[in-house]
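As the structure lists them, so they are numbered: ligands from 1, and atoms in each ligand from 1. The structure presented is a predicted model; accordingly, all values stated were derived computationally and were not measured. Just so it is clear, the values below take in all heavy atoms, side chains as well, and ignore hydrogens, waters and symmetry mates. Numbers here simply count residues along the sequence, with the first being 1.
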Amino acid sequence: MTTTPWVPGGPGTLSDGRDRSAFPSDFLWGTATASYQVEGSPTTDGKGPSIWDTFTHEPGRVAGGENGDVACDHYVRMPEDVALMAGLGVNAYRFSVSWPRVRPIGSGAVEPRGLDFYDRLVDQLLAAGIAPTLTLYHWDLPQALEDAGGWLNRDTAYRFGEYAGIVAERLGDRVHTWITVNEAVVVSTFGYALGTHAPGRMLLFDSFPATHHVLLGHGLAAAAVRAAVPGARVAITHNLSPVHAVSDSDADRRAAAAMDAIQNGLYMDPVLLGRYPDPEVVGAPMDRSCVLDGDLDVIRAPLDALGINYYNPTLVKAPGEGNPFPFEITAMEGYETTDMGWPVVPDGLRELLVGVRARYGDALPPVMVTENGAAFPDVLIEAPEGDVAHVDDPRRVEYLRSHIAAVAAARDAGVDVTGYFVWSLLDNFEWAEGYAKRFGLIYVDYPTQRRIPKLSYSWYRAFLGGPA
Ligand code: FCB
């Protein structure tokens with residue numbers, strides 16, 4: 001589709017020419033962040049160490065040896081960040097609670113000062129007319145629990161359920177939307193199978209207990225939130241990707257089916273259908289003895305919403321000789337790529353949303369796109385004295401216009417999508433990539449912690465300010 005580029009001051013239209021009025025007036029429009037990526041203040045107010053505090057201080061783990069000790073200093077600058085959101089015109093904000101701020105060693109004593117921070121955040125959001133959308137686990141596991149085996153240890157799932165109940169008791173009178181876990185696939189694959197994320201374990205397919213225990217933790221947390229917060233909207237967020245085979249050959253198609261099962265089915269099927277994908281389709285050894293009687297009933301607890309994070313589709317071919325995986329990921333040619341090297345495929349979001357609806361039918365609850373966005377090499381242009389600095393990111397503007405249009409197209413096709421959150425509000429600590437990858441609508445000048453809204457912030461504001 002050829003689209004006219006957006007010009008500052010122009011109406012906030014999508015790439016298909018539509019505007020906000022293509023969506024219902026109660027649609028959630030937000031931005032998202034995660035505790036470790038923005039907060040900093042790793043020991044303030046009694047916070048215990050998380051696996052990311054440990055991991056980032058080990059040599060060679062993160063690009064440039066960077067860590068989240070300061071990040072966006074959001075723990076200190078939270079009021080300024082809420083004001084920036086209010087200026088943007090969003091009606092929702094997705095943030096995560098840091099488990100070791102609330103329970104420094106993951107079990108035992110609760111740290112009220114940690115809870116106080118989120119209490120203040122929630123109050124400030126509500127005062128600005130922004131609905132808090134709370135994620136309980138966005139990867140910062142208390143280190144003490146990792147020392148006892150982390151997500152490989154079934155006990156961690158029970159501790160997570162307890163922690164969920166503690167947070168829900170404190171904030172449930174004001175927070176309606178609760179997301180248990182962010183991207184269980186990344187927790188398990190990057191954290192325990194490949195070791196590129198904390199805690200850096202490299203167990204390949206022996207990491208399956210981490211998958212299962214995170215999902216069990218989800219089920220226990222969902223129940224704890226429901227018990228504490230009558231009427232809560234309870235969700236889990238998955239990172240899904242439409243998977244395609246490079247050719248129609250049996251080998252390539254088998255590889256695509258395996259990748260689809262490992263990325264999508266392993267997380268969607270237990271939560272929505274109460275079963276894991278067939279081992280034949282997964283095509284890899286996975287010892288499932290950690291799955292005990294009754295676990296899948298806990299995991300399949302009814303959901304009020306499903307969060308989907310979308311970044312790109314995946315193209316797959318049969319594995320080459322010596323490859324331990326049942327697939328090989330291959331580059332998608334002919335697409336613009338982001339600073340992460342990810343292809344920009346807006347229609348993949350429509351395809352994904354329509355695809356999950358077709359696959360899961362009435363088992364699929366309403367969907368929220370809880371993350372979507374792109375990293376580009378943004379540059380801060382300092383202005384002469386008296387004038388304001390600016391950051392031009394027209395590629396992010398077009399990314400958002402085309403991806404939100406894809407959400408509208410999925411809604412036209414009958415998928416009940418109820419929200420969309422841009423990743424991210426602020427440039428922040430991008431895990432193993434450190435600070436070099438900038439995803440924000442707002443540029444963060446790390447040496448000074450100055451916030452400079454980018455062109456994409458102006459576009460989103462124009463879109464949100466349009467007819468509701
Ligand atoms: C997702 C994560 C989020 C962010 C984006 C770019 O997988 O949930 O924290 O890093 O990727």
Colleague: In ligand 1, which numbered atoms sit nearer than 4.0 Å to a non-hydrogen atom of N182?
Modeller: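 It comes down to these atoms of ligand 1: 8 (O).
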
Colleague: Could you tell me, atom by atom, which parts of ligand 1 come under 4.0 Å of a heavy atom of H138?
Modeller: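 Heavy-atom distances to H138 below 4.0 Å select 2 (C), 3 (C), 8 (O), 9 (O).
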
Colleague: Closer than 4.0 angstrom, basic N to acidic O: yes or no for D304 and R233?
Modeller: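 Not counted as a salt bridge, because no side-chain N and carboxylate O are separated by less than 4.0 Å.
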
Colleague: Measure centre to centre between the rings of H197 and W52, then say whether the value is under 6.0 Å.
Modeller: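 That pair passes the under 6.0 Å test.
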
Colleague: Show the atoms of ligand 1 that are less than 4.0 angstrom away from any heavy atom in W431.
Modeller: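 Heavy-atom distances to W431 below 4.0 Å select 3 (C), 4 (C), 9 (O), 10 (O).
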
Colleague: Show me which atoms of ligand 1 lie under 4.0 Å from any heavy atom of Y311.
Modeller: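 By the 4.0 Å cutoff, the relevant atoms are 1 (C), 5 (C), 6 (C), 11 (O).
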
Colleague: Is it true that R350 and D347 make a salt bridge, defined as a side-chain N closer than 4.0 Å to a carboxylate O?
Modeller: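 Looking at R350 and D347, the cut-off is met.
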
Colleague: What atoms of ligand 1 come within less than 4.0 Å of a heavy atom belonging to F439?
Modeller: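 Selected atoms, number and element: 6 (C).
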
Colleague: Among all the protein's non-hydrogen atoms, which is closest to atom 7 (O) of ligand 1, and how far away is it?
Modeller: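 Closest protein heavy atom to atom 7 (O) of ligand 1: E183 OE1, 2.6 Å.
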
Colleague: Is any side-chain N of the basic residue among R396 and D378 closer than 4.0 Å to the acidic one's carboxylate O?
Modeller: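 A salt bridge links R396 with D378.
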
Colleague: Only one of T135, T31, T33 passes side chain to side chain donor-acceptor pair (under 3.5 Å) with R94; say which it is.
Modeller: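 The residue from T135, T31, T33 that satisfies side chain to side chain donor-acceptor pair (under 3.5 Å) with R94 turns out to be T135.
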
Colleague: For ligand 1, which atoms sit closer than 4.0 Å to a heavy atom of W139?
Modeller: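 Near W139, the atoms of ligand 1 are 2 (C), 7 (O), 8 (O).
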
Colleague: Any idea which atoms of ligand 1 are less than 4.0 Å away from a heavy-atom of E430?
Modeller: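 Every atom of ligand 1 under 4.0 Å from some heavy atom of E430: 4 (C), 6 (C), 10 (O).
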
Colleague: Compare all side-chain heavy atoms of Y310 with those of V345 and state whether any distance is below 4.5 angstrom.
Modeller: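 Touching, per the 4.5 Å side-chain cut-off.
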
Colleague: For atom 2 (C) of ligand 1, what is the nearest protein heavy atom, given as residue, atom name and distance?
Modeller: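 I find the closest protein heavy atom is E371 OE1, 3.3 Å.
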
Colleague: Under the rule for ring-ring contact (aromatic ring centres under 6.0 Å, His included), what residues qualify as partners of Y158, not counting sequence neighbours?
Modeller: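 Applying ring-ring contact (aromatic ring centres under 6.0 Å, His included) to Y158 gives none.
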
Colleague: Contact between V186 and ligand 1, counting heavy atoms under 4.0 Å?
Modeller: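 Not so, V186 does not reach ligand 1.
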
